[in-house]
Participant: 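This is the structure, below, for whatever I ask next.
Lettering of chains follows the sequences in order, A, B, ..., and the numbering in each one begins at 1. Just the heavy atoms: all of them, side chains too, but no hydrogens, waters or symmetry mates, feed the values below.
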Amino acid sequence: MPELPEVETVRRGLQKLIIGNQIVAETHATDKSFPNEANEVAEFLLGTTVTNVRRRAKVLLIDLSSKYTLVTHLKMTGQLVYLGAERFGAGHPNDSLIGVLPDKSTRVTLTFSDNSHLYFNDQRKFGWMRLLPTFAVPEIDFMKRVGPEPLEEVFTSREFIPRVRRRAGTSIKAAILDQTVLAGVGNIYADESLWGAKIHPASIVRELSDKKLVDLLTEIKTVMLLAIEKGGSTDRNYVNAEGKRGSYIDFARVFRREGLDCPRCGTTIEKTRVAGRGTHFCPVCQVQ
DNA sequence: CACTTGACCTGTCCGC
DNA sequence: TGCGGACAGGTCAAGT
C-alpha cells in the first residue's frame, strides 16, 4: 500500500491523535508482526507515553518516553488505525473504510490509558512493528541504506542525478523504485511522475539526458506534495489513522487508468510490465 | 558489482 | 457458483 504520501498522512493523523497518550497494554497475533520479547515490552513499552511521531522513507516512527521507538513498516497492506474510547467495539464512524476493530487482519493492538486503541492491521502479513532504542533506529539495515527524502529542499538534481545514474543499465522506473536511490517512491507515484516528466518507464537510465532527470525530480516532488495534500491514494486497502480513504487516485493521470484517455494528448493509456510491476503510461507522450 | 526474479501472504477479480 | 490463475501500493534473498 503505502508510499511516502500515505505514510506521511498516517504520521500527521497520529501526531494529532496519540501524542501524550500512555500505553497500558499490547497484544499481537504472531511474533512475525511484533518480534520483541515480552520482557522488553514490559520494560520499554508498557507505561510509557508517546512523545513524537516521525517518518523516514516509508517507515513510521513512534517515539516513546522510555527513549524507545516503535518502528513500523506497512509494506503492501498495512494500516495503523486509531479508535477513540467512545467508539471502541462499535466500528468506525463516517466514511471510514474500516469496520469493527479488531478484525481478522489485526496483528498488533495497543491500548492507551483512556481506553482508546491503536490497531496495526495487515492483511498480507508483510508488514512489521518493532520496538527499538531510539538511538538504534538509524543503525538498522534499511535506514543505513535508504536514500534521501525527496521533499527535503536540499535534495536537488545535483544530488539526484548521480544517484540515479548509479543504476545506468536499468529502466528509469526500476531506478526510482530503488529505495537506496531516493526514499519513498512506490509504484503509483513512479508511474505518475514519469508521465509528468514525459519519460517512458522502460527507458534505460544511461539513455536519458540530465535535463530529463531534472524534470523527473521536479515531477516526483510535485506529485508527492499533491498526494499528501489529497491524503494519499486508496487503491485497495490504504486508510489514514482515522480509517479514512485518501483521494489522490481521483487526480491520477495514468495510474490504474489503462484504456482511458491521456489527459495531455488524448491517446489511450496502456498498461504493461516494467521492473516486475504493473506499469501505466501514455504511448505517445512518454517516449523512450 | 549490477540487475532480475521469486518469495513472503491473503484476498479479489476475471475467464472458463 | 466453482475453480484456477493472475495480480495487488514493498522489500529482500538468491540467482544470473
Participant: Considering only side-chain heavy atoms of A:Arg145, which listed nucleotide, C:dC12, C:dG10, B:dC9, is closest?
Facilitator: C:dC12
Participant: Say you pick atom P in C:dC3 and the same atom in B:dC9; how far apart are they, in whole Å?
Facilitator: 25 Å
Participant: Does a side-chain N or O of A:His73 approach OP1 or OP2 of C:dG10 to a distance below 4.0 Å, or not?
Facilitator: no
Participant: Look at the side-chain N and O atoms of A:Lys75 and state whether any lies under 4.0 Å from the OP1 or OP2 oxygen of C:dC12.
Facilitator: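 No.
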Participant: Start with the C-alpha gap between A:Asp210 and A:Arg165, add the side-chain angles, then the distance that decides, and say whether salt bridge (charged side-chain N to carboxylate O under 4.0 Å, His left out) holds.
Facilitator: CA-CA 10 Å; A:Asp210 278 3; A:Arg165 293 227 183 268; 2.7 Å; yes
Participant: Where along residues 169-185 of chain A does a heavy atom come under 4.0 Å from DNA chain B, residue by residue in number order?
Facilitator: A:Gly169, A:Thr170
Participant: Can you tell which of C:dA8, C:dG10, B:dC9 lies closest to the side chain of A:Arg277?
Facilitator: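 It is C:dG10.
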Participant: Distance criterion of 3.5 Å, no angle test: do you see the side chain of A:Arg166 paired donor-to-acceptor with the base of B:dA2?
Facilitator: no
Participant: Taking side chain to side chain contact (heavy atoms under 4.5 Å, CB included) as the criterion, tell me which of A:Leu182, A:Leu217, A:Val205, A:Leu213 meets it with A:Ile176.
Facilitator: A:Leu182
Participant: Against A:Tyr189, only a single residue in A:Phe255, A:Tyr248, A:Phe251 fulfils ring pair (Phe, Tyr, Trp, His ring centres under 6.0 Å); can you say which?
Facilitator: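 Exactly one option meets the ring pair (Phe, Tyr, Trp, His ring centres under 6.0 Å) with A:Tyr189, and it is A:Tyr248.
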Participant: Is A:Asp235 paired with A:Arg256 through a side-chain N to carboxylate O contact shorter than 4.0 Å?
Facilitator: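 Yes.
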Participant: Given B:dT4, C:dC12, C:dG10, identify the nucleotide with an atom nearest to the side chain of A:Asn187.
Facilitator: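 Nearest to the side chain of A:Asn187 among the choices is C:dG10.
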Participant: Reading DNA chain C from 5' onward, which residue's closest nucleotide shows up sooner: A:Asp141 or A:Gln123?
Facilitator: A:Gln123
Participant: By the 4.0 Å heavy-atom rule, please label A:Arg273 as base, sugar-phosphate, or nothing.
Facilitator: sugar-phosphate
Participant: Can you give the dot-bracket line for DNA chain B, where a pair is Watson-Crick or G-U wobble with both atom distances under 3.5 Å, crossing pairs use [ ], and | marks a partner on another strand?
Facilitator: .|||||||.|||||||
Participant: Between A:Thr48 and A:Tyr68, is any side-chain donor less than 3.5 angstrom from a side-chain acceptor?
Facilitator: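 Side-chain D/A pair, A:Thr48 to A:Tyr68: absent.
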Participant: Does A:Lys230 have more than 12 heavy atoms from other residues, nucleotides or ligands lying within 6.0 Å of its NZ?
Facilitator: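 Check passes, neighbour count above 12.
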Participant: A side-chain contact here means heavy atoms from C-beta on lying under 4.5 Å apart; do A:Gln79 and A:Asp122 qualify?
Facilitator: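 A:Gln79 does not reach A:Asp122 side chain to side chain.
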Participant: So, is A:Arg124 close to the B:dC8 phosphate, meaning a side-chain N or O under 4.0 Å from OP1 or OP2?
Facilitator: no
Participant: What do you reckon, is CD of A:Glu43 surrounded by more than 12 foreign heavy atoms closer than 6.0 Å?
Facilitator: no
